[in-house]
Protein chains: 2
Amino acid sequence: MDNKYDVLKLENQLCFPLYAAAREVVKGYHPYLSKLDLTYTQYITLMVLWEHRKVSVKELGERLHLDSGTLTPLLKGLEKRGYITRRRSESDERVLLIELTEEGDALKDAAAEIPAKVGSCFKLTPEEAATLYKLLYKII
Amino acid sequence: MDNKYDVLKLENQLCFPLYAAAREVVKGYHPYLSKLDLTYTQYITLMVLWEHRKVSVKELGERLHLDSGTLTPLLKGLEKRGYITRRRSESDERVLLIELTEEGDALKDAAAEIPAKVGSCFKLTPEEAATLYKLLYKII
DNA sequence: TTAAATTGAATTGTATAAAATCTAATCTTA
DNA sequence: TAAGATTAGATTTTATACAATTCAATTTAA
(Lines give C-alpha, C1' and ligand atoms only; values in the text may rest on other atoms or scores of the structure.)
Protein backbone atom coordinates (compact mmCIF):
# COMPACT_ATOMS: atom_id res chain seq x y z
CA MET A 1 0.00 0.00 0.00
CA ASP A 2 2.99 2.30 -0.29
CA ASN A 3 2.73 5.30 -2.49
CA LYS A 4 5.04 8.11 -3.36
CA TYR A 5 3.37 10.48 -0.92
CA ASP A 6 4.10 8.35 2.13
CA VAL A 7 7.30 10.30 2.71
CA LEU A 8 5.10 13.34 3.30
CA LYS A 9 3.50 11.93 6.42
CA LEU A 10 4.79 13.55 9.58
CA GLU A 11 5.11 10.18 11.22
CA ASN A 12 7.55 9.04 8.55
CA GLN A 13 9.81 12.03 9.01
CA LEU A 14 12.75 12.36 11.33
CA CYS A 15 12.81 16.13 10.97
CA PHE A 16 9.49 16.65 12.64
CA PRO A 17 10.04 14.86 15.96
CA LEU A 18 13.41 16.54 16.14
CA TYR A 19 11.85 19.94 15.63
CA ALA A 20 9.03 19.24 18.07
CA ALA A 21 11.20 17.64 20.75
CA ALA A 22 13.61 20.57 20.69
CA ARG A 23 10.78 23.00 21.32
CA GLU A 24 9.35 20.83 24.09
CA VAL A 25 12.66 20.76 25.89
CA VAL A 26 13.19 24.49 25.54
CA LYS A 27 9.68 24.93 26.87
CA GLY A 28 10.64 22.72 29.80
CA TYR A 29 13.29 25.25 30.77
CA HIS A 30 10.88 28.17 30.68
CA PRO A 31 9.44 28.00 34.20
CA TYR A 32 12.89 27.86 35.77
CA LEU A 33 14.54 30.40 33.47
CA SER A 34 11.73 32.90 33.84
CA LYS A 35 12.50 33.08 37.55
CA LEU A 36 15.90 34.43 36.53
CA ASP A 37 14.24 36.52 33.81
CA LEU A 38 16.29 34.71 31.19
CA THR A 39 15.26 33.20 27.89
CA TYR A 40 16.68 29.91 26.68
CA THR A 41 18.92 31.60 24.15
CA GLN A 42 20.23 34.01 26.75
CA TYR A 43 20.82 31.04 29.03
CA ILE A 44 22.95 29.07 26.58
CA THR A 45 24.83 32.25 25.71
CA LEU A 46 25.65 32.70 29.37
CA MET A 47 26.63 29.02 29.57
CA VAL A 48 29.43 29.70 27.11
CA LEU A 49 30.50 32.73 29.12
CA TRP A 50 30.32 30.97 32.49
CA GLU A 51 32.77 28.49 31.04
CA HIS A 52 35.03 30.82 29.05
CA ARG A 53 34.45 34.26 30.55
CA LYS A 54 35.60 36.18 27.47
CA VAL A 55 34.85 35.28 23.85
CA SER A 56 34.28 37.03 20.55
CA VAL A 57 30.86 37.17 18.93
CA LYS A 58 32.21 34.95 16.20
CA GLU A 59 33.29 32.25 18.65
CA LEU A 60 29.99 32.54 20.47
CA GLY A 61 28.21 32.08 17.17
CA GLU A 62 30.25 29.02 16.32
CA ARG A 63 29.66 27.41 19.67
CA LEU A 64 25.93 28.13 19.68
CA HIS A 65 25.35 27.74 15.93
CA LEU A 66 23.83 31.21 15.88
CA ASP A 67 24.73 34.22 13.74
CA SER A 68 25.12 37.89 14.47
CA GLY A 69 21.55 38.58 13.46
CA THR A 70 20.44 36.65 16.51
CA LEU A 71 23.33 37.42 18.81
CA THR A 72 23.76 41.17 18.33
CA PRO A 73 20.42 42.21 19.85
CA LEU A 74 20.60 39.49 22.48
CA LEU A 75 24.05 40.61 23.60
CA LYS A 76 23.02 44.25 23.69
CA GLY A 77 20.22 43.23 26.01
CA LEU A 78 22.53 41.32 28.33
CA GLU A 79 24.88 44.30 28.33
CA LYS A 80 22.04 46.65 29.27
CA ARG A 81 21.25 44.41 32.19
CA GLY A 82 24.85 44.46 33.32
CA TYR A 83 25.62 40.79 32.82
CA ILE A 84 28.26 41.27 30.11
CA THR A 85 30.44 43.94 28.55
CA ARG A 86 30.93 44.48 24.80
CA ARG A 87 34.25 45.89 23.66
CA ARG A 88 36.15 45.87 20.37
CA SER A 89 39.40 43.99 20.31
CA GLU A 90 42.38 46.31 20.23
CA SER A 91 44.36 44.08 17.92
CA ASP A 92 41.48 43.73 15.42
CA GLU A 93 38.73 46.31 15.48
CA ARG A 94 36.38 44.01 13.61
CA VAL A 95 36.22 41.67 16.56
CA LEU A 96 33.75 42.35 19.36
CA LEU A 97 34.75 40.76 22.63
CA ILE A 98 32.08 39.72 25.08
CA GLU A 99 33.11 39.47 28.70
CA LEU A 100 31.14 38.29 31.69
CA THR A 101 30.72 40.76 34.55
CA GLU A 102 30.55 39.92 38.24
CA GLU A 103 26.77 40.25 38.04
CA GLY A 104 26.66 37.86 35.11
CA ASP A 105 28.87 35.38 36.88
CA ALA A 106 26.68 35.56 39.95
CA LEU A 107 23.77 34.04 38.00
CA LYS A 108 25.73 30.83 37.72
CA ASP A 109 24.72 29.51 41.12
CA ALA A 110 21.01 29.73 40.50
CA ALA A 111 21.45 28.42 36.96
CA ALA A 112 23.36 25.36 38.11
CA GLU A 113 20.22 24.07 39.77
CA ILE A 114 18.19 24.07 36.60
CA PRO A 115 19.44 21.20 34.42
CA ALA A 116 18.67 18.57 37.04
CA LYS A 117 15.16 19.91 37.52
CA VAL A 118 14.42 19.94 33.81
CA GLY A 119 16.14 16.62 33.17
CA SER A 120 13.90 14.88 35.64
CA CYS A 121 10.88 15.86 33.54
CA PHE A 122 12.12 13.78 30.63
CA LYS A 123 12.15 10.16 31.49
CA LEU A 124 15.06 8.87 29.51
CA THR A 125 17.46 6.41 31.06
CA PRO A 126 21.12 7.44 31.19
CA GLU A 127 21.83 4.99 28.38
CA GLU A 128 19.08 6.45 26.21
CA ALA A 129 20.33 9.94 26.91
CA ALA A 130 23.86 8.94 25.92
CA THR A 131 22.62 7.36 22.69
CA LEU A 132 20.52 10.38 21.84
CA TYR A 133 23.45 12.67 22.57
CA LYS A 134 25.72 10.81 20.17
CA LEU A 135 23.18 10.74 17.37
CA LEU A 136 22.43 14.45 17.71
CA TYR A 137 26.09 15.37 17.56
CA LYS A 138 26.37 13.27 14.44
CA ILE A 139 23.78 15.54 12.85
CA ILE A 140 25.44 18.71 14.06
CA MET B 1 37.85 17.35 39.03
CA ASP B 2 34.08 17.62 38.99
CA ASN B 3 32.48 20.72 40.33
CA LYS B 4 28.92 21.85 40.67
CA TYR B 5 29.16 24.04 37.56
CA ASP B 6 29.99 21.16 35.24
CA VAL B 7 26.30 20.78 34.45
CA LEU B 8 26.44 24.24 32.93
CA LYS B 9 28.80 23.21 30.14
CA LEU B 10 27.07 22.98 26.78
CA GLU B 11 28.81 19.70 26.10
CA ASN B 12 27.23 18.15 29.19
CA GLN B 13 23.73 19.11 28.16
CA LEU B 14 21.28 17.16 26.11
CA CYS B 15 19.09 20.17 25.48
CA PHE B 16 21.69 22.01 23.45
CA PRO B 17 22.49 19.42 20.77
CA LEU B 18 18.78 18.83 20.45
CA TYR B 19 18.13 22.51 19.91
CA ALA B 20 21.06 22.89 17.53
CA ALA B 21 20.36 19.73 15.55
CA ALA B 22 16.75 20.70 15.03
CA ARG B 23 17.76 24.03 13.58
CA GLU B 24 20.40 22.41 11.38
CA VAL B 25 17.86 20.05 9.91
CA VAL B 26 15.31 22.79 9.32
CA LYS B 27 18.07 24.77 7.65
CA GLY B 28 18.75 21.74 5.46
CA TYR B 29 15.23 22.03 4.08
CA HIS B 30 15.59 25.69 3.25
CA PRO B 31 17.16 25.47 -0.22
CA TYR B 32 14.50 23.04 -1.40
CA LEU B 33 11.55 24.71 0.28
CA SER B 34 12.51 28.16 -0.94
CA LYS B 35 12.09 26.92 -4.50
CA LEU B 36 8.45 26.36 -3.60
CA ASP B 37 8.43 29.63 -1.64
CA LEU B 38 7.53 27.73 1.51
CA THR B 39 8.95 27.95 5.01
CA TYR B 40 9.52 24.86 7.10
CA THR B 41 6.51 25.59 9.29
CA GLN B 42 4.30 26.10 6.25
CA TYR B 43 5.64 22.84 4.87
CA ILE B 44 4.77 20.72 7.90
CA THR B 45 1.39 22.41 8.07
CA LEU B 46 0.76 21.37 4.49
CA MET B 47 2.01 17.88 5.31
CA VAL B 48 -0.89 17.47 7.72
CA LEU B 49 -3.29 18.77 5.09
CA TRP B 50 -1.89 16.62 2.29
CA GLU B 51 -2.66 13.65 4.49
CA HIS B 52 -5.98 14.75 5.96
CA ARG B 53 -7.29 17.42 3.59
CA LYS B 54 -9.55 19.09 6.16
CA VAL B 55 -8.75 19.70 9.83
CA SER B 56 -9.52 22.25 12.52
CA VAL B 57 -6.91 24.68 13.78
CA LYS B 58 -7.01 22.86 17.10
CA GLU B 59 -6.21 19.51 15.52
CA LEU B 60 -3.48 21.11 13.43
CA GLY B 61 -2.02 22.56 16.59
CA GLU B 62 -2.09 19.23 18.37
CA ARG B 63 -0.41 17.43 15.51
CA LEU B 64 2.27 20.07 15.03
CA HIS B 65 2.64 21.05 18.70
CA LEU B 66 1.97 24.65 17.73
CA ASP B 67 -0.60 27.07 19.08
CA SER B 68 -2.90 29.60 17.45
CA GLY B 69 -0.39 32.37 18.00
CA THR B 70 1.83 30.69 15.44
CA LEU B 71 -0.81 29.09 13.27
CA THR B 72 -3.27 31.95 12.80
CA PRO B 73 -0.95 34.24 10.81
CA LEU B 74 0.62 31.30 8.99
CA LEU B 75 -2.77 29.99 7.88
CA LYS B 76 -3.92 33.44 6.79
CA GLY B 77 -0.85 33.58 4.60
CA LEU B 78 -1.52 30.20 3.04
CA GLU B 79 -5.12 31.26 2.44
CA LYS B 80 -4.01 34.44 0.72
CA ARG B 81 -1.86 32.38 -1.59
CA GLY B 82 -4.78 30.11 -2.42
CA TYR B 83 -3.42 26.90 -0.92
CA ILE B 84 -6.09 26.51 1.75
CA THR B 85 -9.50 27.81 2.73
CA ARG B 86 -10.51 28.92 6.25
CA ARG B 87 -14.13 28.49 7.23
CA ARG B 88 -15.97 28.27 10.55
CA SER B 89 -17.64 24.99 11.32
CA GLU B 90 -21.42 25.20 10.99
CA SER B 91 -22.01 22.95 13.96
CA ASP B 92 -19.65 24.91 16.22
CA GLU B 93 -18.75 28.46 15.30
CA ARG B 94 -15.72 28.40 17.56
CA VAL B 95 -14.04 25.87 15.30
CA LEU B 96 -12.13 27.05 12.26
CA LEU B 97 -11.81 24.40 9.59
CA ILE B 98 -8.81 24.45 7.31
CA GLU B 99 -9.22 22.76 3.96
CA LEU B 100 -6.70 22.15 1.24
CA THR B 101 -7.47 23.61 -2.19
CA GLU B 102 -6.57 22.11 -5.54
CA GLU B 103 -3.64 24.52 -5.72
CA GLY B 104 -2.46 23.43 -2.29
CA ASP B 105 -2.77 19.80 -3.20
CA ALA B 106 -0.80 20.36 -6.37
CA LEU B 107 2.30 21.26 -4.33
CA LYS B 108 2.43 17.72 -3.08
CA ASP B 109 4.28 16.38 -6.09
CA ALA B 110 7.18 18.77 -5.83
CA ALA B 111 7.25 18.39 -2.05
CA ALA B 112 7.46 14.62 -2.22
CA GLU B 113 10.92 14.93 -3.74
CA ILE B 114 12.34 16.87 -0.83
CA PRO B 115 12.72 14.45 2.10
CA ALA B 116 15.03 12.15 0.18
CA LYS B 117 17.22 15.04 -0.90
CA VAL B 118 17.52 16.42 2.62
CA GLY B 119 17.88 13.01 4.21
CA SER B 120 20.91 12.22 2.11
CA CYS B 121 22.70 15.19 3.67
CA PHE B 122 22.58 13.59 7.09
CA LYS B 123 24.65 10.49 7.22
CA LEU B 124 22.76 8.37 9.69
CA THR B 125 22.26 4.68 9.03
CA PRO B 126 18.67 3.43 8.92
CA GLU B 127 19.22 1.84 12.33
CA GLU B 128 20.51 5.07 13.83
CA ALA B 129 17.59 6.95 12.35
CA ALA B 130 15.15 4.47 13.85
CA THR B 131 16.78 4.75 17.27
CA LEU B 132 16.77 8.52 17.14
CA TYR B 133 13.15 8.52 16.07
CA LYS B 134 12.11 6.43 19.04
CA LEU B 135 14.02 8.51 21.55
CA LEU B 136 12.60 11.75 20.20
CA TYR B 137 9.05 10.50 20.40
CA LYS B 138 9.73 9.49 23.95
CA ILE B 139 10.49 13.14 24.68
CA ILE B 140 7.46 14.40 22.83
C1' DT C 1 51.49 48.77 -2.31
C1' DT C 2 47.13 49.38 -3.37
C1' DA C 3 43.05 47.33 -5.44
C1' DA C 4 40.39 43.27 -4.65
C1' DA C 5 38.91 39.83 -1.62
C1' DT C 6 37.80 38.42 2.87
C1' DT C 7 36.21 38.81 7.48
C1' DG C 8 33.37 40.09 11.68
C1' DA C 9 29.42 42.57 13.15
C1' DA C 10 25.48 45.19 12.47
C1' DT C 11 21.29 45.99 10.09
C1' DT C 12 17.04 44.92 7.61
C1' DG C 13 13.15 42.26 6.63
C1' DT C 14 10.34 38.29 7.25
C1' DA C 15 8.61 34.45 9.72
C1' DT C 16 8.19 32.05 13.52
C1' DA C 17 7.25 30.61 18.76
C1' DA C 18 5.15 31.08 22.97
C1' DA C 19 3.19 33.42 27.02
C1' DA C 20 -0.59 36.21 28.24
C1' DT C 21 -4.81 38.21 27.36
C1' DC C 22 -9.16 38.71 25.02
C1' DT C 23 -13.55 37.47 22.77
C1' DA C 24 -17.24 34.91 21.21
C1' DA C 25 -19.47 30.48 21.25
C1' DT C 26 -20.74 26.51 23.71
C1' DC C 27 -21.40 23.69 27.68
C1' DT C 28 -22.61 22.77 32.60
C1' DT C 29 -25.21 22.82 36.39
C1' DA C 30 -27.31 24.56 40.24
C1' DT D 1 -32.54 28.36 32.07
C1' DA D 2 -29.31 31.79 33.21
C1' DA D 3 -24.83 32.45 35.44
C1' DG D 4 -20.39 30.62 35.49
C1' DA D 5 -16.96 27.69 33.45
C1' DT D 6 -14.82 26.02 29.43
C1' DT D 7 -13.27 26.03 24.76
C1' DA D 8 -11.33 27.57 20.16
C1' DG D 9 -9.17 31.13 17.92
C1' DA D 10 -7.36 35.72 17.54
C1' DT D 11 -4.49 39.26 19.26
C1' DT D 12 -0.63 41.35 21.60
C1' DT D 13 3.90 41.40 23.11
C1' DT D 14 8.50 39.89 23.34
C1' DA D 15 12.29 37.32 21.73
C1' DT D 16 14.27 34.72 18.65
C1' DA D 17 16.21 32.74 13.89
C1' DC D 18 18.05 33.44 9.64
C1' DA D 19 18.69 35.10 4.86
C1' DA D 20 20.44 38.99 2.68
C1' DT D 21 22.74 43.15 2.62
C1' DT D 22 25.86 46.61 4.26
C1' DC D 23 29.97 48.48 6.31
C1' DA D 24 34.35 48.96 8.19
C1' DA D 25 38.71 46.65 9.22
C1' DT D 26 42.06 43.54 7.72
C1' DT D 27 44.38 40.46 4.58
C1' DT D 28 45.90 38.98 0.16
C1' DA D 29 48.02 39.35 -4.23
C1' DA D 30 49.18 40.94 -8.49
Side-chain angles (χ1 to χ4, degrees), chain A residues 16 19-46 55-81 84 86-98, chain B residues 16 19-46 55-81 84 86-98:
Chain A
F16 174 70
Y19 165 78
R23 283 184 295 117
E24 292 298 330
V25 171
V26 168
K27 227 182 289 186
Y29 276 81
H30 184 264
Y32 305 105
L33 289 176
S34 67
K35 284 177 191 156
L36 304 182
D37 198 25
L38 290 177
T39 64
Y40 182 75
T41 317
Q42 291 166 348
Y43 168 69
I44 58 174
T45 299
L46 287 171
V55 292
S56 68
V57 171
K58 177 186 162 67
E59 184 182 349
L60 212 40
E62 284 168 354
R63 289 182 181 276
L64 299 174
H65 296 251
L66 292 170
D67 71 7
S68 65
T70 302
L71 289 175
T72 295
L74 184 151
L75 293 169
K76 285 181 178 175
L78 290 179
E79 180 188 41
K80 190 173 297 180
R81 290 163 65 185
I84 62 164
R86 297 163 71 248
R87 203 145 49 101
R88 293 282 165 182
S89 160
E90 297 191 359
S91 61
D92 185 340
E93 292 277 341
R94 290 172 304 182
V95 173
L96 185 71
L97 293 172
I98 307 300
Chain B
F16 175 70
Y19 164 79
R23 284 183 297 119
E24 291 299 330
V25 172
V26 168
K27 226 183 289 187
Y29 276 82
H30 184 263
Y32 305 105
L33 289 175
S34 67
K35 283 178 192 158
L36 304 180
D37 198 26
L38 291 177
T39 63
Y40 182 74
T41 318
Q42 290 166 349
Y43 168 70
I44 59 174
T45 300
L46 286 170
V55 292
S56 67
V57 171
K58 176 184 161 68
E59 183 180 349
L60 214 39
E62 284 167 355
R63 289 181 180 277
L64 300 174
H65 296 249
L66 292 171
D67 72 5
S68 65
T70 302
L71 289 173
T72 295
L74 184 151
L75 293 168
K76 285 180 177 174
L78 291 178
E79 180 188 42
K80 190 173 296 180
R81 290 162 65 184
I84 62 164
R86 298 164 69 249
R87 204 144 49 101
R88 293 281 163 182
S89 160
E90 297 191 359
S91 61
D92 186 341
E93 292 277 339
R94 292 172 303 183
V95 173
L96 185 69
L97 293 171
I98 306 301

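We name chains A, B, ... by the order of the sequence lines, and we start the count at 1 in each one.
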Measuring from the side chain of [X] (C-beta onward, heavy atoms only), which nucleotide among [options] has the closest atom?
X	options	value
A/Glu93	C/dA25, C/dT11, D/dA25	D/dA25
A/Lys58	D/dG9, C/dA9, D/dT16	C/dA9
B/Ser56	D/dA17, C/dA18, D/dG9	D/dG9
A/Val57	D/dT26, C/dT16, C/dA9	C/dA9
B/Arg88	C/dA10, D/dA10, C/dA25	D/dA10
B/Ser68	D/dC18, D/dA10, C/dA18	D/dA10

Practice task
Check whether any side-chain N or O of A/Tyr19 sits under 4.0 Å from OP1 or OP2 of C/dA17, and answer yes or no.
Solution key: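 Result: yes.
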
Contact class for [X] vs. all strands (heavy atom < 4.0 Å): base, sugar-phosphate, or nothing?
X	result
B/Thr39	sugar-phosphate
B/Ser34	nothing
A/Leu71	nothing
A/Thr41	sugar-phosphate

Problem - Nearest-nucleotide comparison on DNA chain C, the residue closer to the 5′ end among A/Leu75 and B/Arg94 - result: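 Per heavy-atom nearest nucleotide, the more 5' residue is A/Leu75.
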
Practice task
Would you kindly compare B/Pro73 and A/Lys76 by the position of their nearest DNA chain C nucleotide and give the one closer to the 5′ end?
Solution key: A/Lys76

Problem - Salt-bridge criterion met for B/Arg88 and B/Glu93 (N-O under 4.0 Å) - result: no

Problem - Minimum side-chain heavy-atom gap B/Phe16-A/Tyr40 below 4.5 Å - result: yes

Problem - B/Arg81, CZ: over 12 other non-hydrogen atoms inside 6.0 angstrom - result: yes

